[in-house]
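Presented below is the structure to which this report refers.
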Amino acid sequence: MTVSDNRAALPMAGHTHGNRSPVTCHLRCADACFKPVPNQSTDETFHSIASRALSRRSAMTGAFVLSVAAATTLTPESAEAAGSNLPFNPIGATPDDVDAVRVPGGYRWQPVIKWGDPLFSGVPALSARGTTPAAQARQFGYNCDYLDIMPDKGSTTRGILVANHEYTNEDIMFPPGTDAKFMARTALAAHGMSVVEISRSGAGAAWKPVRDGPPNRRITGTTPFTMSGPAAGSPLLRTAADPMGRRVHGTLNNCAGGTTPWGTILSGEENWNQYFLCAGTSEKEERYGLGPDGDERMWRSVDPRFDATRPGYRNEPNRFGWIVEVDPEDPASTPVKHTALGRIKHEAASVAIDKATGKVVVYTGDDERFEYLYKFISRRHYDDSGTAAAREHNKKLLNDGDLFVARFTGDGRQDGVCDGTGVWIPLTMGGKSMVPGMSLDEVLVYTRLAASKMKATPMDRPEDVQVSPMSGRVYMACTNNSKRGLPGEPGTDEANPRPENKDGHVVEITEMDGEHTSRRFTWLLFLICGDKDSAGTYFGGYTGPVSPIACPDNLAFDSRGNLWISTDGQPSAIGLDDALHCVETAGTYRGRVRQFLSVPAGAETCGPVIHDKDGSVFVAVQHPGEDGSWEAPQSHFPDYGKGVFKGPRPAVIQVTRA
Ligand code: FEO
Ligand code: CA
Ligand code: CA
């Protein structure tokens, strides 16, 4: 049965706000918001105290952070004052049924690459009936999320595009009645990542994909990966097909990611649990959402490893949930899964080089309600000499290091600001477990359980994390948490101050002494999102007009230190199409949110990549027209009737100065 056959019966039908599609909840996150919160680790005392405190705290929240934004529109004068290389007047709010990309006056958009575009000669283009397993394995994949556009050094006309492909929507991709095994094999090929050479006529021009470009590559749900780090080879990672526990096929449900200073791509495996049929009887499975209702896509019909109830395959789900690293310059290289960074539902991996020590630090969020923020610190130092040997050295840095999880402590609300101090709690150090009762490989494979034992702070869905190139501060998007403060769930705290947080917030972290390897930090809530007129919102202290914003997800910085925030869930939270916003993080306009674009109906804004010096903004438009079907599309982006495939196609777009 397809999702469209049964939409009204989907678990989240009737439970989403506004026009948020229950299909997105079902296909991407396996209805995670409908199910019990996996993190049941907080003790009874904490739950009961939190619940009792809720009524008092709820009453305080609105007054605690003053709602500051005036209810007026932004003016051209205010936009010019930003002094950006991308000057723009913010677009107005886009109702959540508009099937168009909207950009500011003076800008235009065009697709760079779309689902189904062939990366190689001889590969068929998308047909009216979609694609095939063999073609999809050599075409651009579905539902692009993390994105980077990397111009070659010294060239203005050539570069490499890397995108990952989070999940598939078979209702849109295939006509009714398509064979289930055919769909499963195609969907496996539509997941993963794409590496594509791109070219253009000169600076500021539109990038185009190069068919047969030397780096061109598809990584799919079946591509071989090597396991690296302390848990590689662990009995917890061994299966009948891989008795050594070191070689895994495929990467799944890749969400946000990061680009390393040595030019490789990191990508987080997020809601990978949904592809596996599991008994779901142990805490180690339940905490990751693994259970008997998994694998609706029936991938086990074409590959038995997706049935993790079978003897010999019970560890297969342990081989997903990692940060993967891909070298886009070497299409023959074997990509790596890094066990030293822990196994969670990784949302992103943002890399910083610690100035004092030269060590590599990777920040990564775990996107589920009441999960945690982590950071990894490499044992060895980054080599910035630029030689080929240095690059090979740097590509091994994530094999070995220490893993930490964050605990946030508020300093009290009487100061009128949500802020406080924090510590990074070690989970592994010097190749040893720091968690009582857990071995090193257990900490790395069951990282959520380890972090709970060490009393990390449960956050409102930590999504992307980015480090400011100007200030070195670390920004984390907490997208929302509909369960915060409900009976039996953790209550509000200063780092997660709103009950049933539907709009999300952005945390600003300052590492002690400006060192990314520090064990201590201070923090404050930089944005408390929502419609500017609603109580409890906060915009970095800025008191002028701002664009409404909700459900911050992916983050990026431009060269001036402005934070660009893409959203996932604005239709549900504030009734607007998802968007890309720009917000200053310093100076007079710190906290001023201005909307740069909105994406078509049903879509989420991913990427983004900001080449402000080049006058370009890139976003990955994911799941346009999510609620539709092959026969009845609800979006026509980006071809709008001009292509043979009539439905929507997830695509990377470039916005340039007109
Ligand atoms: Fe795939 Fe957390 O978004
Ligand atoms: Ca405070
Ligand atoms: Ca995301």
Side-chain angles (χ1 to χ4, degrees), residues 7-8 10 12-26 28-29 31 33-34 61-62 67-74 90-104 460-461 463 477-484 498-506 527-539 545-554 565-583 593-606 608 619 621-628 633-637 648:
R7 184 171 296 118
L10 291 176
M12 287 298 289
H15 295 278
T16 60
H17 298 273
N19 277 349
R20 175 63 165 201
S21 169
V23 178
T24 300
C25 304
H26 189 67
R28 185 180 55 193
C29 313
D31 308 302
C33 290
F34 186 75
T61 303
S67 181
V68 292
T72 56
T73 55
L74 292 166
I91 67 169
T94 307
D96 61 7
D97 57 355
V98 173
D99 186 31
V101 178
R102 295 184 61 225
V103 298
D460 285 350
R461 292 184 56 193
E463 296 238 32
C478 289
T479 198
N480 58 45
N481 185 348
S482 57
K483 295 274 177 107
R484 173 71 67 179
R498 291 191 293 193
E500 299 179 65
N501 178 9
K502 72 179 177 64
D503 294 323
H505 53 271
V506 177
L527 299 179
I528 303 178
C529 300
D531 187 299
K532 55 189 183 292
D533 297 326
S534 56
T537 53
Y538 178 76
F539 298 91
V546 296
S547 301
I549 178 175
C551 305
D553 189 335
N554 293 3
I565 304 173
S566 60
T567 68
D568 175 22
Q570 283 198 164
S572 175
I574 53 178
L576 303 174
D577 269 350
D578 274 311
L580 177 66
H581 304 271
C582 175
V583 52
V593 175
R594 297 180 299 135
Q595 183 171 346
F596 182 79
L597 61 73
S598 59
V599 294
E604 157 189 2
T605 324
C606 295
V619 294
V621 180
Q622 190 186 115
H623 57 78
E626 181 85 295
D627 232 359
Q634 292 199 0
S635 169
H636 298 277
F637 166 87

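Below, all heavy atoms of this structure are taken into account, side chains as well, without hydrogens, waters or symmetry copies. Nothing here was measured: the structure is a model prediction, and the numbers come from that model.
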(request) Mind checking the CG-CD spacing from Asp99 to Gln634? Nearest 0.5 Å is all I need. (result) 9.5 Å
(message) So, taking the atom named OG in Ser547 and the one named CG in Leu576, what distance separates them when rounded to the nearest 0.5 Å?
(response) 10.0 Å
(request) Look up atom CD1 in Ile574 and atom NZ in Lys502, then write down how far apart they are to the nearest 0.5 Å. (result) 7.5 Å
(message) Do Cys478 and Arg461 make a side-chain contact, defined as non-hydrogen atoms from C-beta onward lying under 4.5 Å apart?
(response) no
(request) Kindly give the heavy-atom pair with the smallest separation between Val593 and Phe539, and that separation in Å. (result) CG2-CD2, 3.8 Å
(message) Could you measure the distance from the CG atom of Asp503 to the OG atom of Ser534? Nearest 0.5 Å is fine.
(response) 6.0 Å
(request) Work out which heavy atom in Val621 is nearest to a heavy atom in Ala603; give both atom names and the distance. (result) CG1-CB, 3.7 Å
(request) Quick one: closest heavy-atom pair of Ile528 and Gly536, and the distance? (result) CG2-O, 3.2 Å
(request) Return yes if a side-chain donor-acceptor contact under 3.5 Å exists between Thr605 and Ser566, otherwise no. (result) no
(request) Verify the distance criterion only: is there a donor paired with an acceptor across the side chains of Thr479 and Asp553 at less than 3.5 Å? (result) no
(message) Working note: Val599 + Asp577, criterion side-chain contact (heavy atoms from CB on, under 4.5 Å); need CA distance, chi angles, decisive distance, verdict.
(response) CA-CA 6 Å; Val599 294; Asp577 269 350; 5.5 Å; no
(message) Does any part of the side chain of Phe596, heavy atoms only, come nearer than 4.5 Å to the side chain of Pro104, both counted from C-beta?
(response) yes
(message) With a 4.5 Å cut-off on side-chain heavy atoms, are Pro648 and Pro600 touching?
(response) no
(request) Taking all non-hydrogen atoms of both residues into account, name the closest pair between Ala550 and Cys529 and its distance. (result) CA-CB, 4.2 Å
(message) With rounding to the nearest 0.5 angstrom, report the CG to SG distance, Asp568 to Cys606.
(response) 6.5 Å
(message) Could you report the tightest heavy-atom contact between Asp531 and Thr537, atom names first, then the distance?
(response) O-CG2, 3.5 Å
(message) Is it true that Asn501 and Asn481 share a donor-acceptor pair across their side chains at a distance under 3.5 Å?
(response) no
(request) Report the residue from Val98, Asp96, Asp97 that forms a side-chain contact (heavy atoms from CB on, under 4.5 Å) with Thr94. (result) Val98
(request) Give, for atom OH of Tyr538 and atom NE2 of His505, the distance between the pair rounded to the nearest 0.5 Å. (result) 13.5 Å
(message) Looking at His581 and Ile549, would you say the former's side chain and the latter's main chain have a donor-acceptor pair under 3.5 Å?
(response) no
(message) For Glu604, is there an ion pair with Arg28 - N to carboxylate O distance below 4.0 angstrom?
(response) yes
(message) Could you check whether any side-chain heavy atom of Asn480 comes within less than 4.5 Å of a side-chain heavy atom of Asp460, counting everything from C-beta outward?
(response) no
(request) Inspect the contact between Arg498 and Glu500 and indicate whether a charged nitrogen and a carboxylate oxygen are less than 4.0 angstrom apart. (result) no
(message) To check you understand the geometry: which heavy-atom pair defines the closest contact between Gln570 and Pro548, and what is its length?
(response) OE1-O, 3.9 Å
